[in-house]
Amino acid sequence: MTLNRIGTSDLLVSPLNLGGNVFGWTADEQTSFAVLDAYAAAGGNFIDTADSYSAWVPGHTGGESEEIIGRWTAARGNRDDIVVATKVGQHPEFKGLSPETIRRAADASLRRLGTDRIDLYYTHADDESVPVEDIITTLDALVRSGKVRHIAVSNISPERLKASLEFSDREGLSKYVAIQPHYNLVSRETYEGPRADLAAEHGLSCMPYFALASGFLTGKYRPGAAADSGRPPAVAGHLETERGVKVLKALDEVAAAHGVEPATVALAWLAGRPTVAAPLASARTPEQLPPLLAFAGLELTARDLSLLDEASAATG
């Protein structure tokens, strides 16, 4: 499996960024271990989580995903082979990005992960009550201490992203090497434009979340089909849009031409976009992994790309 470099960092990662949001939630610990084992056996080395996963589950406090990942790397003895990314800012006990909150949250994540360093540390959601100078300075101190190897950013306005990057450059401090935006075939405007331009200008790698649009781009859900009780609300919304219907049709055509699943095509399209290094997708079971992993070996033709680009273009 060909590895991709994250931005200007020394981190080399597999094409699929495995999402850890399901660990401890829709996948229990035993199943999570099975998914992680299958991913690693296929050459995967890049796992994404957050300190808040899965605080939304009744009885959970946040950090359950980190704990499972930590126990897995300890059990397998493979911590040095795995690039672990986690996030700060949305844990119930560590809300926001004040310097003290970031410092305490980082220590808590390290404990749960059972490790001495976080390879890639994202701000999960921006906290506009805190100056970007304070956020970057605090993150830089974590890098200098060895607790964090590289820093990254997820949900942030272009204006605050630009200010953060320019401050790092001006002061010679640690600088974001990656961005994790909401980005997929039915949500292009959430990244393309100012954010993508800034990423390209500053050498950031993009790790899109919702790469499969909450399962919509797997082709599992179809217009007119009986509503699945487990169907995410976002999926129903996509089924009602002209773009959603067009994208499904294009995915079906390209998938049939290559003998692969729609999810494989959706991830291959995303992986080929400017600045994208590793789309993020989750698997609740090992059986869900193969179509996700397969995109790295799929070469889309110019016609494929034209179909997908036209279908996914935003409509007025």
Side-chain angles (χ1 to χ4, degrees), residues 5-13 17-21 23 36 45-53 55 61-127 130-156 164-165 167-169 171-180 204-205 207 278 280:
R5 184 178 299 277
I6 297 179
T8 56
S9 78
D10 57 352
L11 301 175
L12 298 174
V13 297
N17 188 184
L18 184 66
N21 61 313
F23 301 151
L36 287 161
N45 75 337
F46 188 20
I47 302 170
D48 179 271
T49 188
D51 64 358
S52 58
Y53 300 163
T61 58
E64 287 79 10
S65 172
E66 289 182 329
E67 290 175 347
I68 287 175
I69 292 166
R71 288 194 288 268
W72 176 74
T73 56
R76 302 299 182 257
N78 63 358
R79 177 63 186 90
D80 291 342
D81 301 323
I82 302 296
V83 175
V84 176
T86 192
K87 309 179 193 75
V88 58
Q90 299 209 332
H91 189 283
E93 295 179 20
F94 305 109
K95 285 279 190 180
L97 298 175
S98 71
E100 180 62 15
T101 295
I102 292 174
R103 286 191 289 266
R104 292 175 59 221
D107 285 340
S109 285
L110 288 166
R111 286 194 299 272
R112 287 190 293 264
L113 287 164
T115 187
D116 61 352
R117 82 281 185 190
I118 296 164
D119 298 309
L120 190 64
Y121 200 36
Y122 289 93
T123 54
H124 202 162
D126 192 21
D127 180 354
V130 182
V132 297
E133 294 82 359
D134 290 353
I135 295 170
I136 294 296
T137 300
T138 305
L139 293 171
D140 176 76
L142 288 175
V143 173
R144 293 178 187 273
S145 73
K147 293 180 179 180
V148 169
R149 291 178 65 189
H150 298 281
I151 62 173
V153 63
S154 186
N155 302 289
I156 191 171
S164 301
L165 296 168
F167 177 72
S168 293
D169 282 341
E171 300 299 322
L173 301 178
S174 299
K175 182 177 179 180
Y176 295 139
V177 298
I179 182 170
Q180 189 181 109
L204 276 63
S205 288
M207 319 297 181
L280 202 159

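Quick caveat: nothing in here was measured; it's all calculated off a predicted structure.
Inter-residue side-chain proximity for Val153 and Tyr122 is flagged as unmet; no heavy-atom pair is nearer than 4.5 Å. Within the 4.5 Å cutoff, side-chain heavy atoms of Phe46 are placed close to those of Leu120. Under the 4.5 Å side-chain criterion, counting only non-hydrogen atoms from C-beta, Ser168 is not in contact with Tyr176. Annotation: side chain of Leu139 is in contact with side chain of Ile102 (closest heavy-atom distance under 4.5 Å). Residues Thr115 and Val84 fail the side-chain proximity criterion, which asks for heavy atoms closer than 4.5 Å. Put simply, the side chain of Trp72 reaches to within 4.5 Å of the side chain of Asn78, judged on heavy atoms. Residues Met207 and Ile6 are in side-chain contact: their nearest non-hydrogen atoms beyond the backbone lie under 4.5 Å apart. Leu110 has its side chain within reach of Ile118: a pair of non-hydrogen atoms, C-beta onward, lies under 4.5 Å apart.
Taking CG of Asp169 as the start and OG of Ser164 as the end, the distance is 11.0 Å to the nearest 0.5 Å. Between atom CD of residue Glu93 and atom OG of residue Ser52 there is a gap of 12.5 Å, rounded to the nearest 0.5 Å. Here the OH-CD distance, from Tyr53 to Gln90, works out to 8.5 Å after rounding to the nearest 0.5 Å. From Lys175, atom NZ reaches atom CG of Leu204 across 7.5 Å, with rounding to the nearest 0.5 Å. With rounding to the nearest 0.5 Å, the separation of OG in Ser174 from CG in Leu142 is 9.0 Å. Separating the CD1 atom in Ile69 from the OG1 atom in Thr86 is a distance of 7.5 Å, to the nearest 0.5 Å.
When all heavy atoms of Gly7 and Ser205 are compared, the pair lying nearest together is N-OG, 2.7 Å. For Gly70 against Thr73, the heavy-atom pair with the smallest separation is O-OG1, 3.0 Å.
Formation of a donor-acceptor pair under 3.5 Å by the Arg71 side chain with backbone atoms of Ala74 is not found in this model. Formation of a donor-acceptor pair under 3.5 Å by the Asp51 side chain with backbone atoms of Ala108 is not found in this model. When atom types are taken as modelled, the side chain of Ser154 and the backbone of Gln180 share a donor-acceptor pair closer than 3.5 angstrom. Using a distance-only test at 3.5 Å, with no hydrogens or angles considered, no donor-acceptor pair links the side chain of Asn155 to the main chain of Thr123. In this structure a side-chain-to-backbone donor-acceptor pair under 3.5 Å is present from Asp127 to Leu97.
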Donor-acceptor contacts, no H, no angles, side chain residues 130-137, under 3.5 Å, sequence neighbours left out:
{"unit_1": "Thr137", "atom_1": "OG1", "unit_2": "Glu133", "atom_2": "O", "d": "2.7"}

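Checked against side-chain hydrogen bond (donor to acceptor under 3.5 Å, both in side chains), Thr49 has the following partners two or more places apart in sequence or in another chain: Ser65. In this structure Thr138 satisfies the side-chain hydrogen bond (donor to acceptor under 3.5 Å, both in side chains) test with no other residue, sequence neighbours excluded. For Arg104, there are no salt bridge (charged side-chain N to carboxylate O under 4.0 Å, His left out) partners two or more places apart in sequence or in a different chain. For Asp81, there are no salt bridge (charged side-chain N to carboxylate O under 4.0 Å, His left out) partners at least two apart in sequence or on another chain. Ser98 meets the side-chain hydrogen bond (donor to acceptor under 3.5 Å, both in side chains) test with Thr101; sequence neighbours excluded. Annotation: salt bridge (charged side-chain N to carboxylate O under 4.0 Å, His left out) contacts of Arg5 (sequence neighbours excluded): none. Judged as a side-chain hydrogen bond (donor to acceptor under 3.5 Å, both in side chains), and not counting sequence neighbours, the contacts of Ser109 are Glu66. Residues passing the salt bridge (charged side-chain N to carboxylate O under 4.0 Å, His left out) test with Asp48, sequence neighbours excluded: Lys87.
Residue pairs meeting the ring-ring contact (aromatic ring centres under 6.0 Å, His included) criterion with at least one member in residues 75-115, sequence neighbours excluded, are His91-Phe94. Screening residues 141-150 for salt bridge (charged side-chain N to carboxylate O under 4.0 Å, His left out) gives Asp10-Arg149, Asp107-Lys147, Asp119-Arg149, Asp140-Arg144 as the qualifying pairs, with residues at least two apart or on separate chains.
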For this session: Report the C-alpha distance between Leu36 and Leu18 in whole Å, list the side-chain angles of each, state the deciding distance to 0.1 Å, and finish with yes or no for side chain to side chain contact (heavy atoms under 4.5 Å, CB included).
Result: CA-CA 9 Å; Leu36 287 161; Leu18 184 66; 3.9 Å; yes

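Note on Arg117 versus Asp80: salt bridge recorded, some NZ/NE/NH1/NH2 to OD/OE distance being below 4.0 Å.
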